[in-house]
Amino acid sequence: METGRAIVDLQTTNPKRWKAERPPLAHPVDAINELHIRDYTIHPGSGVRQKGRYLGLTEPGTKGPAQIATGLDHLTQLGVTHVQLMPVFDYATESVDETRLHEPQYNWGYDPKNYNVPEGSYATDPYKPEVRIRELKTLIQTLHDHGLRIIMDVVYNHVYDGYVIHFTKLVPGYYLRYKPDGSMSNGSGCGNDCATERPMMRKYIVDSVLHWAREYHIDGFRFDLMGLIDVDTINELRRRLDQIDPSILMLGEGWVMDTELPDNERANQSHAPRMARVAHFNGDLRDAVKGEVFDEAKPGFVNGGTGFETRVKQAVAGAITYSEQLRSFAAEPDQCVNYAECHDNHTMWDKLSLSAKDAPEEERRAMHRLATAIVLTCQGIPFLHAGQEFYRTKHGVDNSFNAGDEVNRIDWEAAAAHQADVLGSGAY
């Protein structure tokens with residue numbers, strides 16, 4: 001929820017150690033760890049003072065149950081090269097009110113409103129516009145100081161409310177897609193797909209991404225429902241980011257989805273060869289290793305399913321054309337993001353608990369470790385969900401976007417209980 005508008009001299013928001021240099025990156029296919037700002041530190045046992053805030057992830061030396069490392073220290077010991085932050089731009093939902101920071105409230109943030117403004121609910125003071133900017137920059141610089149690059153989860157495929165969004169007020173009927181009957185195109189499931197193919201919408205998206213890359217030193221961008229964006233916009237983003245730094249990553253959900261845009265213009269996996277150095281999430285591996293995400297009882301390769309060997313091998317090859325039998329969407333391995341779980345759908349532990357409920361718990365843990373090992377040893381970009389290293393559970397809730405802290409928070413007691421697995425994850 002907005003608290004007002006302000007004009008801010010961005011130079012005055014830079015923290016003292018603000019440096020443009022990005023951490024070195026030897027290989028573009030090193031590991032990504034996805035996390036939600038609030039989830040990572042809000043648990044009572046996190047040992048973090050600024051729980052649920054940008055600054056909470058900047059605190060060194062925090063300890064949890066049994067004196068385990070938590071927060072920033074836990075993150076740096078995983079061995080990943082990139083931290084993917086779930087949305088940190090200003091979002092619109094009324095389920096999170098920036099003026100009520102001390103009340104229980106929660107949302108993932110995939111409901112964009114002000115694309116170029118940091119979300120105030122993660123700041124220590126939402127009433128001072130410069131505070132949220134400075135504190136997000138402080139988090140970015142802290143992660144950079146620890147050798148970690150930052151990927152920003154961005155949502156340019158839809159807006160929260162197409163009827164009241166500023167785009168519609170500016171030029172009605174231009175910035176969003178509409179069906180022939182005048183209703184809004186709804187491939188996003190949110191009622192209002194953005195018309196990224198139109199020159200001024202494309203310009204807005206490109207300018208927004210470049211703003212985050214230049215002003216906030218963001219090192220990569222994950223495009224939510226990228227299959228609803230057009231190919232030319234994605235390629236223009238790649239071209240312009242290369243002018244800043246070719247090592248800036250671009251990845252997205254290249255799902256084949258329906259929208260009011262010709263099929264051959266959609267930035268989905270079917271057109272991956274036309275988008276060089278843009279990576280797509282490999283949902284085929286996700287479903288092959290643990291079973292279909294929309295059929296909770298169906299098992300996959302690690303939990304007793306049969307007939308998944310070829311799909312797993314395709315992912316091992318990085319989804320490229322390895323042979324006539326082993327081929328998928330990617331032209332190069334750096335176009336493939338391999339994963340077994342993310343914020344969407346059941347966590348892998350919950351999926352295994354539902355699809356292999358008769359297996360002993362330790363056997364399910366072995367399945368879990370095998371699935372993670374497959375992800376980490378495939379060609380391509382390995383992607384890990386926060387808490388995956390200690391069997392994260394959301395207690396059976398699959399779509400937890402507004403389920404609250406008790407479901408979504410990183411459970412540091414579970415991390416302590418499975419510390420042997422956490423310490424072993426340094427090989428990631």
Side-chain angles (χ1 to χ4, degrees), residues 15-17 33-80 82-88 96 98 100-109 118-126 128 131-153 343 347 384-395 400 403-419 421-423 425-426:
K16 292 181 180 179
R17 297 177 295 104
N33 189 241
E34 178 197 40
L35 61 86
H36 182 278
I37 292 287
R38 185 177 177 89
D39 290 355
Y40 217 73
T41 59
I42 200 67
H43 191 279
S46 70
V48 172
R49 290 183 297 104
Q50 297 284 0
K51 290 180 172 62
R53 306 283 182 258
Y54 294 120
L55 294 184
L57 261 178
T58 70
E59 298 177 22
T62 58
K63 299 294 184 183
Q67 293 299 294
I68 64 166
T70 63
L72 175 64
D73 288 1
H74 176 91
L75 190 58
T76 56
Q77 77 179 13
L78 288 180
V80 298
H82 290 78
V83 176
Q84 181 172 300
L85 300 177
M86 290 171 65
V88 293
V96 175
E98 294 179 359
R100 298 186 290 113
L101 295 187
H102 299 293
E103 299 179 25
Q105 47 185 344
Y106 188 89
N107 200 279
W108 278 346
E119 167 59 25
S121 65
Y122 301 139
T124 57
D125 188 345
K128 295 179 180 178
V131 170
R132 66 182 69 191
I133 301 172
R134 182 178 298 111
E135 291 179 352
L136 175 56
K137 287 182 174 179
T138 299
L139 169 58
I140 292 167
Q141 187 60 59
T142 300
L143 294 177
H144 279 179
D145 289 344
H146 286 80
L148 293 168
R149 290 188 168 211
I150 296 89
I151 295 172
M152 183 180 182
D153 197 337
H343 67 273
T347 67
L384 303 168
H385 184 215
Q388 184 174 335
E389 65 275 16
F390 50 82
Y391 316 105
R392 181 176 182 174
T393 178
K394 292 185 181 180
H395 311 290
S400 65
D405 292 329
E406 289 193 2
V407 169
N408 286 287
R409 67 192 181 190
I410 295 297
D411 185 350
W412 296 108
E413 293 178 356
H418 302 291
Q419 196 60 193
D421 295 287
V422 173
L423 295 175
S425 68

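Worth saying up front: this structure is predicted, and the values here are computed from it rather than measured.
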Are [X] and [Y] close enough that some pair of their side-chain heavy atoms sits under 4.5 Å apart?
X	Y	result
Leu75	Leu35	yes
Leu55	Leu139	no
Ser400	His395	no
Glu389	His418	no
Asp153	Pro87	yes
Tyr122	Leu136	no
Asn408	Trp108	yes

Donor-acceptor pair, side chain of [X] and main chain of [Y], under 3.5 angstrom:
X	Y	answer
Arg132	Pro126	yes
Asp73	Gly61	yes
Glu59	Arg49	yes
His36	Asn107	yes

Please test Phe390 against Asp421 for side-chain contact (heavy atoms from CB on, under 4.5 Å), starting from the C-alpha separation and ending with a verdict. CA-CA 6 Å; Phe390 50 82; Asp421 295 287; 5.6 Å; no
Closest heavy-atom pair and its distance - [X], [Y]:
X	Y	result
Pro44	Arg409	CD-NH1, 3.6 Å
Ala403	Tyr106	N-CD2, 4.3 Å
Pro65	Ala416	O-CB, 3.6 Å
Ala415	Ile68	CB-CD1, 3.7 Å

Go through the steps for Asp39 and Arg392 under the test salt bridge (charged side-chain N to carboxylate O under 4.0 Å, His left out), then give the verdict. CA-CA 12 Å; Asp39 290 355; Arg392 181 176 182 174; 3.3 Å; yes
Just verifying a value: how many Å separate [X] [atom1] and [Y] [atom2], rounded to the nearest 0.5 Å?
X	Y	atom1	atom2	value
Leu85	Ile37	CG	CD1	4.5 Å
Gln77	Leu72	CD	CG	10.5 Å
His43	Glu406	NE2	CD	9.5 Å
Arg53	Arg38	CZ	CZ	6.5 Å
Gln50	Leu57	CD	CG	11.5 Å
Asp125	Arg134	CG	CZ	11.0 Å

Worked verdict on Val48 versus Tyr40 for side-chain contact (heavy atoms from CB on, under 4.5 Å): CA-CA 10 Å; Val48 172; Tyr40 217 73; over 6 Å; no
Pair Thr124-Glu135, side-chain donor/acceptor within less than 3.5 Å: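 A pair is found: one side chain offers a donor N or O, the other an acceptor, under 3.5 Å apart.
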More than 12 foreign heavy atoms under 6.0 Å from NZ of Lys63: is that the case here?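 More than 12 heavy atoms, drawn from other residues, nucleotides or ligands, come within 6.0 Å of this atom.
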Ser46/Thr41 under side-chain hydrogen bond (donor to acceptor under 3.5 Å, both in side chains): CA gap, chis, key distance, verdict: CA-CA 6 Å; Ser46 70; Thr41 59; 5.6 Å; no
Where does the angle between the aromatic ring planes of Trp412 and His74 fall among parallel (under 30°), tilted (30 to 60°) and perpendicular (over 60°)?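 Taking His74 first and then Trp412, their aromatic rings stand perpendicular (interplane angle over 60°).
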With side-chain contact (heavy atoms from CB on, under 4.5 Å) as the test, would you mind laying out the steps for Lys51 and Ile42 before giving the verdict? CA-CA 5 Å; Lys51 290 180 172 62; Ile42 200 67; 4.0 Å; yes
From CA spacing to verdict: side-chain contact (heavy atoms from CB on, under 4.5 Å), His385, His343: CA-CA 7 Å; His385 184 215; His343 67 273; 4.2 Å; yes
